[in-house]
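What follows is one structure encoded as C-alpha cells, with my remarks underneath.
Counting begins at 1 with the first residue of the sequence.
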Amino acid sequence: MQQELSAELLCSIANTYGTPLYVYNADKITAQFRNLQSAFVNSNTRFFYACKSLTNINILKHILSIGCSIDCSSVNEAHLALHVGFKPENVLYTSNGIDFTEIEEALGLGININIDSLSNLEKFGKKYGHSYPVGIRLRPNIMAGGNLKISTGHSNSKFGIPIEQVDEILQLVQEHQIFIRGLHIHTGSEIKDVSVFMKVAEVFFDLVPHFPELEFLDLGGGFKVAYKERDHLTDIAVLGKEIEKFLGNLEMKHQKKFQCWFEPGKYLVSESGYLIAKVNVLKTSQDTVFAGVNTGLNHLIRPMMYDAFHRIANISNPEGEIKTYTVTGNICETDTFGTDRHLHEVREGDFLAIYNAGAYGFEMSSNYNARYKPAEVLVLDGKASLIRKRDEFSDLLRNQITVL
Ligand code: LLP
C-alpha cells in the first residue's frame, strides 16, 4: 500500500492534468480506516465517514468499498451517499439548525437521523411518535477542538440540545413516546486528548438510564491528524481500549449491549489529499520572497480561515538549495498559505504541493474572483484518473439568468 505519493508522481500528474489540481490517494484512506478498525477491534464500534470533508462521488464509492458507513450534514449529502450505493441503514444524518421538512425528507430515505433541537424533536414526536427510531444530538458544555471556530460542544455553541435541558427532552420523549435509539455528542474537530472523548462517555453514562430503548452512543468525529511534523495526535489505540472498557462497564450495569459510533472526517481523508499549484511569480520584498501561486483562498481556505498550518514543498526542484519564501495565492485578498517557509529553491513555473488538503479543501472551495474551481484526480491501484473536470467559462454562467 502506497501511503504517500512521491514528488515525482505528483509532478507527472500535474503535467498531465494541469494546475491547480487536487490529487487524492485512495490507499491512504484505506490505511487510515484499517487503523481505526484495528484500534477498535475489541469494542463494538461503527465508523461513519463525515463526508462534509470531501464528497466527490469517487471518494464516497471508495469509502463504501472499504466497508465504512457514512455521516451526512445535509440531506443532499445523504442523497449523494444513496446515489453511490450506501444502504440507508449505513447512512447517518446529523442535522443542525435545519427546517423540519428536511427531517421529513431524510425519514423518507429511511436513513438514521440525529435531531439537534427541542423544536424539531417536538415536531418529530407529534408526527411520528414511536414509529421511527432517532438519535438526539446534545451539547455537553465541554470546550474541545483545535480552535474556537471548530469547537462545537461548549456552552456558547449553537450545536445540539444543551444538556441542561435534558428534562425538557425527557418530557417530549414521554409525551410522544419517541423511540430514542441513540445519543450524539460531537465536541469539535482536531481533538488531541483521548480524555475529551471519555468525558463525553461519562456524560452518556449518566444519561443512559433515562432512555430505555438506547442502542448506540455516538461520539462524533474530531480525531486529530498530523499537520506539522511533531504534532500531537489523538491516540487511537488508547481510545479504542478506553471505549472497550466503557462499553464493558455499561453492559455490566445495564445487562445490555451498546454500540459506539464515531464520525471521522479529517482522520480518513486529510492526509490523502494534495493541492498542487504552479508558481506564477516570485517577488522580492525587504523581509521575504513571495512565491505567488496559481491558487488561493478560493481553493483552500483553511490557512486563512483557521490559521491552519499546511506543509508545503517544492516538488519540481527537490534538490534545490533551501531558501525562505512566503507562499501567497492569486486572489484579491491577503491569502497566505505559509509565511517564511523553508523550501527548495523556487523558480517561476515550479510545482508546489500543499499537504493535508484532502479534508475541507476542495469541499470548501468557491468561484471567488470568478476563478475556476480546480480539477480533482484520484490515484487508485497505482493509476491516476480524473474525477472532476476543471471548471470552464460556462460554469461561471451556469444558473445565472440574463434579464438586461
Ligand atoms: N461529526 C460532526 C457532527 C461534525 O460536525 C464534524 C465536523 C465531524 C463529525 C467530522 O469532524 P472531523 O473528524 O473532520 O474533525 N472546516 C473545518 C472543520 C469543520 C468541522 C465541522 N464538523 C476545518 O477545515 O478544520
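Enclosure of atom CD in Glu321 is not indicated, since only 12 or fewer non-hydrogen atoms of other residues, nucleotides or ligands lie within 6.0 angstrom. The neighbour count for Glu164 CD, taken as heavy atoms of other residues, nucleotides or ligands under 6.0 Å away, is above 12.
For the residue pair Thr45/Ser43, the side-chain donor-acceptor check at 3.5 Å is satisfied. Between the side chains of Asn25 and Ser272, no donor N or O sits under 3.5 Å from an acceptor N or O. Checked by atom type, the side-chain pair Ser366/Asn298 shows no donor-acceptor distance below 3.5 Å.
Cation-pi contact between Arg341 and Phe290: absent, since separation from the ring centre below 6.0 Å together with deviation from the ring axis within 45° is not met. Cation-pi contact between Arg311 and Tyr355: present, with separation from the ring centre below 6.0 Å and deviation from the ring axis of at most 45°.
Rounded to the nearest 0.5 angstrom, Thr295 OG1 and Leu275 CG are separated by 4.5 Å.
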Under 3.5 Å, side-chain donor or acceptor atoms of residues 391-404 against the rest of the protein: list the pairs with distances, not counting sequence neighbours.
{"unit_1": "Asp391", "atom_1": "OD2", "unit_2": "Asn367", "atom_2": "ND2", "d": "2.9"}
{"unit_1": "Asp391", "atom_1": "OD2", "unit_2": "Lys373", "atom_2": "N", "d": "2.9"}
{"unit_1": "Asp395", "atom_1": "OD2", "unit_2": "Glu392", "atom_2": "N", "d": "2.7"}
{"unit_1": "Gln400", "atom_1": "NE2", "unit_2": "Leu396", "atom_2": "O", "d": "2.8"}

If you look only at distance, which donor and acceptor atoms sit under 3.5 Å apart when one is on a side chain in residues 188-210 and the other is two or more places apart or in another chain?
{"unit_1": "Ser189", "atom_1": "OG", "unit_2": "Lys266", "atom_2": "NZ", "d": "2.9"}
{"unit_1": "Glu190", "atom_1": "OE2", "unit_2": "Lys266", "atom_2": "NZ", "d": "2.8"}
{"unit_1": "Glu190", "atom_1": "OE2", "unit_2": "Arg302", "atom_2": "NH2", "d": "3.0"}

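For the salt bridge (charged side-chain N to carboxylate O under 4.0 Å, His left out) test, no residue two or more places apart in sequence or in another chain qualifies with Glu175.
Remark: the backbone N or O of Tyr267 is paired with a side-chain donor or acceptor of Gln32 at under 3.5 angstrom.
Looking at heavy atoms from C-beta onward, Ser151 lies in side-chain contact with Met143 at the 4.5 angstrom threshold.
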